Amino acid sequence: MNHCTAEHPPTAWKSGTAPGILPSVTHGISLIRRPLHFLNSLPAHGDLVEIRLGPRRAWVVCHPRLVHEMLRDTRTFDKGGPLYTRLRALMGDGVVTCPHEDHRRQRRLLQPAFRPARVARLTEPMAEEAEDLCRDWRDGQEVDVSAAMMTVTTGVVGRVLFSDALDPGRAAEVRDCLTTVVRGLFVRTVVPVDAFFRLPTPGHRRYTRAVARLRAIVDEVVTRRRLAGEARDDVLGTLLAAADGPEPEVTGREVQDQLVSLLLTGAESAALCLSSAFGLLDLHPEAEQRLHEEVDAVLAGRTRPALDDLPRLVYTRSVVDESLRLAPPGWLFTRLTTREVEFGGRLLPAGATVLYSPYLLHHSPGSFADPERFLPERWRGGGEAGGDGGGPYSAMIPFAAGTRKCLGDTFALAQATVTLATIARRWRLRRPPGPVAPVRPAVTLGPRSLVMRCERRAGQSAPAATPTGARTARPGPSSAVSESREAGATGVDDA
Ligand code: HEM
């Protein structure tokens, strides 16, 4: 294990330029067709590497320490650049996208809903959603795992935001809209030519319809809550209290923007993390075996974990961490400099686009031993066995760092651990035979149409009929399997 790049920066940063004939064309094409390969090729050219996004220059930060320096200086490196320009069109100026100057107020407003004590109370609903999902699976059935994980995560995020206001039908609609929207976002980011996206192609129309429908559903929920006049202990309740008080702190528009922002960031990334984990476990039976042993021992005959079990699901959590390392759902982000700044050996002008990539850092041999290998054991004892040991300049940043670190990190980790344990208690998921296609990055990274076959684990009998009073199963993808298996390309996935 080599910590040297993270802990000991070079005495002088090295900056460089990514090679390529006609870089304004070829870099964009590389980012669309082979983005992960392109990103991993950049550190060879420096700690800060200049690329072209169409006619624009942009800089990719390739050293973990430099990434942390950038993420800590949110005043200079503000949310902005092509990704956030696109996201703002979708989410307005909610907490994910708002500029530095408004961030502290928004974060303070929303933070309480994601504190560890509140997340702890959600363990039960998380396990319930996971159990609802897999209760009716049948031995040998093919399941669209990507859609199934979106069902679970949309359900849980929906509960945090709106309590039980999203009925199963609406939740399924939200899930489908979110899937369409994230597929369309990435190409809109790396091809920043608006006229192209106004062409009435089926993909563009699908994207526009999904955005409008998502906003309409959120609007409906807000209106119903207002009419009911009830105060609920959820994010919508917090937002309405701030909007409708004698001295309103937020506008009606902001209420909607925050809800759309949280739905979009919360459901998709968590679902991709889980789908990646199941895909990786299928390829690594020895890790799957260890997971099953741990889950069986900790649950000791119960069908799902409770809050007290979480600290003992150590290997399960390592599987989650290792999946997040190998396939971080948030793999590429942009920032915009607000002033001229000396950074990474260059003088960047105000308004410069700077990119950082958790994927690039997570796959660096300078930070992780044998970085392409799936090895949950590396997180044993906090990462001493091939993780990068943590620390202030850790290269493991699936949730970013600094004041704009993910608001839902504790929530997402708890949900992934609980869902993985609940499903693995009964089921083994297997890919049907055939080549394993590489994952296709979009605005997020992870398997988007992963179809797997359920095998009931030995000794796990078919479940009893749903008990009276149990929640009705959500209309999900458990029986409706997507036609398309994982598409065989590493290129960008777009609607
Ligand atoms: C495995 C799941 C998740 C991953 C990998 C993830 C990753 C990230 C990353 C990398 C960022 C920083 C983006 C940047 O630097 O530009 C971020 C921000 C954010 N995430 Fe997550 N996220 C996950 C789940 C969630 C969940 C469940 C929620 C809430 C329901 C959430 C809410 C947010 C919010 C609100 C921000 C913006 C924070 C701010 O600017 O203050 N995320 N997330």
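Whatever order the structure lists them in is the order used to number ligands and atoms, beginning at 1. Remember, predicted model here, so these are calculated numbers, not experimental data.
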Participant: What residue and atom, counting heavy atoms only, is the protein's closest point to atom 26 (C) of ligand 1, and at what distance?
Facilitator: G266 CA, 3.4 Å

Participant: For ligand 1, which atoms sit closer than 4.0 Å to a heavy atom of F411?
Facilitator: 27 (C)

Participant: Heavy-atom contacts with A270 under 4.0 Å: which atoms of ligand 1 show up? List them by number with element.
Facilitator: 1 (C), 2 (C)

Participant: Kindly give the heavy-atom pair with the smallest separation between P112 and R118, and that separation in Å.
Facilitator: O-CG, 3.3 Å

Participant: Specify the protein heavy atom at minimum distance from atom 38 (C) of ligand 1: its residue, its atom name, and the distance to 0.1 Å.
Facilitator: R107 NH1, 3.4 Å

Participant: Would you mind running through ligand 1 and noting each atom that sits below 4.0 Å from a heavy atom of A412?
Facilitator: 1 (C), 2 (C), 24 (C)

Participant: Work out whether the distance between some heavy atom of P328 and some atom of ligand 1 is less than 4.0 Å.
Facilitator: no

Participant: Output, in order, the C-alpha distance, side-chain angles, deciding distance and verdict of salt bridge (Lys or Arg N to Asp or Glu O under 4.0 Å) for D257 and R215.
Facilitator: CA-CA 9 Å; D257 286 347; R215 282 206 165 266; 2.9 Å; yes

Participant: Tell me, which protein residue and heavy-atom name are nearest atom 6 (C) of ligand 1, and how many Å apart are they?
Facilitator: F399 CD2, 3.6 Å

Participant: Between Q415 and T153, do the side chains contain an N or O donor and an N or O acceptor separated by less than 3.5 Å?
Facilitator: no

Participant: Between R175 and A148, is there a donor-acceptor pair closer than 3.5 Å when you use the side chain of the first and the backbone of the second?
Facilitator: no

Participant: Quick one: CZ on R448 to CE on M150, what's the gap to the nearest 0.5 Å?
Facilitator: 9.5 Å

Participant: Under 4.0 Å, heavy-atom basis, I'd like to know which part of F333 is in contact with ligand 1: side chain, backbone, both or neither.
Facilitator: side chain

Participant: Counting from 1, what ligand 1 atoms have a heavy atom of P398 closer than 4.0 Å?
Facilitator: 5 (C), 7 (C), 10 (C)

Participant: Would you tell me which option among T74, L407, L413, L332 has the nearest heavy-atom contact to atom 34 (C) of ligand 1?
Facilitator: L407

Participant: Does any donor atom in the side chain of D234 or S163 lie under 3.5 Å from an acceptor atom in the other side chain?
Facilitator: yes

Participant: Run the contact test for K405 against ligand 1 with a 4.0 Å cut-off on heavy atoms, strictly below, and give the result.
Facilitator: yes

Participant: Tell me which one of M70, M91, H103 gets a heavy atom nearest to atom 41 (O) of ligand 1.
Facilitator: H103

Participant: Nearest protein heavy atom to atom 12 (C) of ligand 1, by residue and atom, and its distance?
Facilitator: A400 CB, 3.6 Å

Participant: For atom 37 (C) of ligand 1, find the nearest protein heavy atom and state the residue, atom name and distance (0.1 Å precision).
Facilitator: V96 CA, 3.8 Å

Participant: How close does the nearest protein non-hydrogen atom get to atom 15 (O) of ligand 1, and which residue and atom is it?
Facilitator: Y356 OH, 2.5 Å

Participant: Do any N or O atoms from the side chain of H363 and from the backbone of L326 form a donor-acceptor pair under 3.5 angstrom?
Facilitator: yes

Participant: Taking only non-hydrogen atoms of R335, do any sit less than 4.0 angstrom from ligand 1?
Facilitator: yes

Participant: Taking the side chain as everything from C-beta on, heavy atoms only, tell me whether R88 gets closer than 4.5 Å to K79.
Facilitator: yes

Participant: Do the numbers put R335 on top of the ring of F77, so that NZ or CZ is under 6.0 Å from the six-membered ring centre and no more than 45° off the axis?
Facilitator: no

Participant: Counting only N and O atoms by type, is there a donor-acceptor contact under 3.5 Å from the side chain of S146 to the main-chain atoms of L450?
Facilitator: yes

Participant: How close do R404 and H100 get, heavy atom to heavy atom, and via which atoms?
Facilitator: NH1-N, 4.0 Å

Participant: Among S269, C406, A267, whose heavy atom sits nearest atom 25 (C) of ligand 1?
Facilitator: C406

Participant: Tell me yes or no: between the side chains of T403 and R107, is some donor less than 3.5 Å from an acceptor?
Facilitator: no

Participant: Heavy-atom distances under 4.0 Å decide this one: backbone, side chain, both or neither, for Q415 against ligand 1?
Facilitator: neither

Participant: So which protein heavy atom does atom 29 (C) of ligand 1 come closest to, and at what separation?
Facilitator: F114 CE2, 3.7 Å

Participant: Give the atom numbers and elements of ligand 1 that come within less than 4.0 Å of a heavy atom of Y84.
Facilitator: 13 (C), 14 (C), 16 (O)

Participant: Counting non-hydrogen protein atoms only, what is the nearest one to atom 40 (O) of ligand 1? Give residue, atom name and distance.
Facilitator: R404 NE, 2.9 Å

Participant: Counting only N and O atoms by type, is there a donor-acceptor contact under 3.5 Å from the side chain of T76 to the main-chain atoms of D73?
Facilitator: no

Participant: Should you measure from each heavy atom of V95, which atoms of ligand 1 turn up under 4.0 Å away?
Facilitator: 35 (C), 39 (C), 40 (O), 41 (O)

